[in-house]
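Working notes, structure below.
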Amino acid sequence: MKIISFKTKVFVYFSQILLISWILGFLWFVGQVKNRTEHMHIPKKVDAVIIITGGKGRIEEGIKLFEEKEAKRMLISGVGKAVDFKSLEKQVTTKARKTINNSKDKITLSEMATSTRLNAVEADIWLEYHNLKSYILVTSDYHAVRSKFLFNKIVDKKMYMYAINASNFKIDKWWDFPGTFELIFTEYNKFIFTVLFSFIGILDLL
């Protein structure tokens, strides 16, 4: 009978604990994505709207909030290099297009940010430059947990989260939809690394 060494036992137990922790964390993360309620606490007026590009419906909803909350300015962070106001207008409804046309001097299109951390760094500089004290952060629900964590770490302004649930993202039955599962799986692991990097003080590597 082969005797298992103490080191091997410790490794096996530690691996099991990590796996169980990962699974429980994943279930917690899914719950966080499903049950976002921050939008219910957004006041009637907010200084700015910041949209992180990359998900369906973000720009449309951000423009709507910009008008509804009488925001002073709006930052659309992470647009493609070829995106300008003319191409942006083609992506939105007639009502949103009208808002863009009437507010171009208040809207900043920025292609500088290539990651969520850089979105937050850019937002911090932009808010400070325009002397804005509060903002609504618009992103997708699956991206909201990590975005909120990073923006709270980097941006020293009052934040109100607005998480969008796109019609093609089936969070209620994520196990039945490979695309939804892939998004959640990827975003959850990114969140873990973000928290870990932040804890050990190397957040700049993200």
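Side chains are part of it too, since the values below use all heavy atoms of this structure and drop only hydrogens, waters and symmetry mates.
For the residue pair Tyr162/Glu61, the side-chain donor-acceptor check at 3.5 Å is satisfied. Side chains of Asn131 and Lys133: a donor-acceptor N/O pair is present below 3.5 angstrom, by distance only. Between Arg73 and Thr108, the side chains place no donor N or O within less than 3.5 Å of an acceptor N or O (distance only, hydrogens not considered).
Trp28 places none of its side-chain heavy atoms less than 4.5 Å from the side chain of Val33. With contacts defined as side-chain heavy-atom distances shorter than 4.5 Å, the pair Asn102/Glu67 does not qualify. Phe29 has its side chain within reach of Glu187: a pair of non-hydrogen atoms, C-beta onward, lies under 4.5 Å apart. Residues Asn101 and Phe85 form no side-chain contact, since every pair of their non-hydrogen atoms from C-beta on lies 4.5 Å or further apart. Counting heavy atoms from C-beta on, the side chains of Ile63 and Ile100 come closer than 4.5 Å. Within the 4.5 Å cutoff, no side-chain heavy atoms of Lys56 are placed close to those of Ile164. The closest side-chain heavy-atom distance from Ser77 to Ile51 is not below 4.5 Å. By the 4.5 Å heavy-atom criterion applied to side chains, Tyr160 and Lys158 are counted as neighbours.
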Inset, instruction - Could you go through the side chain to side chain contact (heavy atoms under 4.5 Å, CB included) check for Arg36 and Glu38 one step at a time? - result: CA-CA 6 Å; Arg36 306 218 66 85; Glu38 299 100 331; 2.4 Å; yes
Legend entry - Ile184 vs Ile171, side chain to side chain contact (heavy atoms under 4.5 Å, CB included): CA-CA, chis, key distance, verdict: CA-CA 9 Å; Ile184 284 211; Ile171 183 62; 3.1 Å; yes
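Here the shortest heavy-atom pairing between Asp176 and Pro178 reads O-CD, 3.7 Å. Across all non-hydrogen atoms, the minimal contact from Asn119 to Ala113 is ND2-CB, 3.1 Å. In plain terms, the two heavy atoms of Gly62 and Val49 that are nearest each other are O-CG1, 3.7 Å. Heavy-atom minimum distance, Ile50 versus Leu127: CD1-CD1, 3.9 Å. The two atoms that bring Val145 and Phe191 nearest to each other are CG1-CE1, 3.6 Å, heavy atoms only.
A salt bridge links Lys157 with Glu128; the closest basic N to acidic carboxylate O contact falls under 4.0 Å. For the pair Asp47 and Lys72, the salt-bridge criterion is met [side-chain N within less than 4.0 Å of a carboxylate O].
Ile136 is connected to Ile76 through a chain of hydrophobic side-chain contacts under 4.5 Å among Ile, Leu, Val, Met, Phe, Trp and Tyr, so both are in one cluster. Cluster annotation: Ile17 is not connected to Ile23 through the hydrophobic network of ILVMFWY side chains, with a link wherever side-chain heavy atoms come within less than 4.5 Å. Ile59 and Ile42 fall within the same hydrophobic cluster, defined by Ile, Leu, Val, Met, Phe, Trp and Tyr side-chain heavy atoms under 4.5 Å apart, directly or through other members. Both Leu19 and Val195 belong to a single network of hydrophobic side chains, linked directly or stepwise wherever heavy atoms of I, L, V, M, F, W or Y lie under 4.5 Å apart. Both Val30 and Trp175 are members of a single hydrophobic cluster when ILVMFWY side chains are connected at heavy-atom separations under 4.5 Å.
Around CG of Asp156, the count of heavy atoms belonging to other residues, nucleotides or ligands within 6.0 Å does not exceed 12. By the 6.0 Å contact criterion, CD on Glu68 is enclosed, its count of non-hydrogen atoms from other residues, nucleotides or ligands being greater than 12. Surrounding NZ of Lys86 are at most 12 heavy atoms belonging to other residues, nucleotides or ligands under 6.0 Å away.
For Ser140 (side chain) and His143 (main-chain N/O), no donor-acceptor pair under 3.5 Å exists by modelled atom type. Checking side-chain atoms of Thr53 against main-chain N and O of Gly78 turns up a donor-acceptor pair under 3.5 Å. In terms of modelled atom types and a separation under 3.5 Å, the side chain of Arg97 and the main chain of Glu89 share a donor-acceptor contact. A donor-acceptor pair under 3.5 Å is absent between the side-chain atoms of Lys148 and the main chain of Met161, judged by distance alone. The backbone N or O of Ala144 sits nowhere less than 3.5 Å from a side-chain atom of Thr139 that would complete a donor-acceptor pair. Of the possible donor and acceptor atoms, one in the side chain of Ser115 sits under 3.5 Å from a partner among the backbone N and O of Leu118. Of the possible polar contacts, one joining the Ser87 side chain to the Asp84 backbone as a donor-acceptor pair under 3.5 Å is found. A donor-acceptor contact shorter than 3.5 Å is absent between the side chain of Ser198 and the backbone of Thr194. With hydrogens and angles disregarded, a donor-acceptor distance shorter than 3.5 Å links the side chain of Arg58 to the backbone of Ile52. Not one N or O on the side chain of Asp124 forms a donor-acceptor pair closer than 3.5 Å with the backbone of Ala120.
Aromatic ring centres of Trp22 and Phe185: separated by under 6.0 Å. Checked against the 6.0 Å centroid criterion, the rings of Trp174 and Phe169 do not qualify as a close aromatic pair.
Ring-plane geometry between Phe181 and Phe26 is classed as perpendicular, the angle between the planes exceeding 60 degrees on a 0 to 90 degree scale with a lower cut at 30. The aromatic rings of Phe197 and Phe193 stand perpendicular to each other, their planes meeting at an angle above 60°, with 30° marking the opposite boundary.
The distance from the NZ atom of Lys64 to the NZ atom of Lys69 is 10.5 Å, given to the nearest 0.5 Å. Rounding to the nearest 0.5 Å places CG of Leu27 at 8.5 Å from OH of Tyr188. With rounding to the nearest 0.5 angstrom, the CD atom of Glu60 is 9.5 Å from the NZ atom of Lys95. Here NZ of Lys170 is found 7.5 Å from OG1 of Thr180. Values are rounded to the nearest 0.5 Å. Residue Leu65 holds its CG atom at 11.0 Å from CG of Leu137, rounded to the nearest 0.5 Å. Note that OH of Tyr142 and CG of Leu183 are 5.0 Å apart. Values are rounded to the nearest 0.5 Å.
Phe11 is linked by a side-chain contact (heavy atoms from CB on, under 4.5 Å) to Ser15, counting only residues two or more places apart in sequence or in another chain.
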